[in-house]
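Notes follow once the structure below has been shown.
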Amino acid sequence: MNTLEYKGYIGSVEVSENDNCLYGQVIDLPNDTKITYEGATVAELRKDFTGAIDDYISYCKEAGITPHKSYKGALNVRISPETHSRIALLASREGISINAFIKKSLEEKVASML
């Protein structure tokens with residue numbers, strides 16, 4: 001998937017053949033927040049994308065609320081020392097890092113649930 005990035009927000013790039021335009025939305029925002037944009041060219045799409053982000057940030061500032069941002073893929077999870085030790089052992093057995101083991105485990109679990 002092609003994406004745009006601006007001020008920590010990541011947006012999709014889609015093509016509508018019916019409307020002969022490009023469009024997208026900021027991804028990984030909470031369900032109550034939706035930011036969309038469109039354009040006839042990539043330059044117009046990028047301009048509308050950055051404008052939509054700037055408008056959203058301005059709106060949040062005026063309303064006194066904290067703007068949501070796209071998820072970056074970094075997550076700090078607290079686990080017990082025992083679980084940490086078990087994960088380290090399992091990762092070592094597979095010859096991979098703890099981070100790679102956790103990433104693989106989460107991806108497999110999420111894929112099985114969707």
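Treat the numbers as computed from the prediction; the structure is a model and nothing was measured.
One finds the CG atom of Asp48 at 8.0 Å from the OG1 atom of Thr36 (value rounded to the nearest 0.5 Å). Here CD of Glu5 is found 10.5 Å from CZ of Arg46. Values are rounded to the nearest 0.5 Å. Taking OG from Ser12 and CG from Asn2, the interatomic distance works out to 10.0 Å, rounded to the nearest 0.5 Å. For the atom pair CD1 (Ile53) and CD1 (Ile35), the distance works out to 4.5 Å, reported to the nearest 0.5 Å. Between the NZ atom in Lys34 and the CG atom in Leu29 there is a gap of 10.5 Å [rounded to 0.5 Å]. Atom NZ of Lys103 sits about 4.0 Å away from atom CD of Glu107, to the nearest 0.5 Å.
In this structure the side chain of Ser92 never reaches within 4.5 angstrom of the side chain of Phe101, judged on heavy atoms. Val13 is listed as a side-chain neighbour of Leu45, based on a closest heavy-atom distance under 4.5 Å. Side chains of Ile10 and Asp28 form no contact here, defined as non-hydrogen atoms less than 4.5 Å apart. The shortest side-chain heavy-atom distance between Thr41 and Leu22 does not fall under the 4.5 Å cut-off. Contact of the His84 side chain with the Ile98 side chain is registered, since non-hydrogen atoms from C-beta on lie closer than 4.5 Å. Contact check for Ile102 versus Val77: no side-chain heavy atoms found under the 4.5 Å cut-off. Contact annotation: the side chain of Glu94 never approaches that of Leu90 to less than 4.5 Å [non-hydrogen atoms, C-beta and beyond]. For the pair Val26/Tyr37, a side-chain contact is recorded, criterion being any heavy-atom separation below 4.5 Å from C-beta on.
When all heavy atoms are compared, the tightest approach of Ser97 to Ala100 is OG-N, 3.0 Å.
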Pair up each side-chain donor or acceptor in residues 54-61 with any protein partner under 3.5 Å, not counting sequence neighbours, and list the distances.
| from | atom 1 | to | atom 2 | distance (Å) |
| --- | --- | --- | --- | --- |
| Asp54 | OD1 | Tyr6 | OH | 3.0 |
| Asp54 | OD1 | Lys7 | NZ | 2.8 |
| Asp54 | OD2 | Tyr6 | OH | 3.1 |
| Tyr56 | OH | His68 | N | 2.9 |
| Ser58 | OG | Asp54 | O | 3.1 |

- Derivation of the side-chain contact (heavy atoms from CB on, under 4.5 Å) call for Val42 and Glu44: CA-CA 5 Å; Val42 173; Glu44 287 179 12; over 6 Å; no
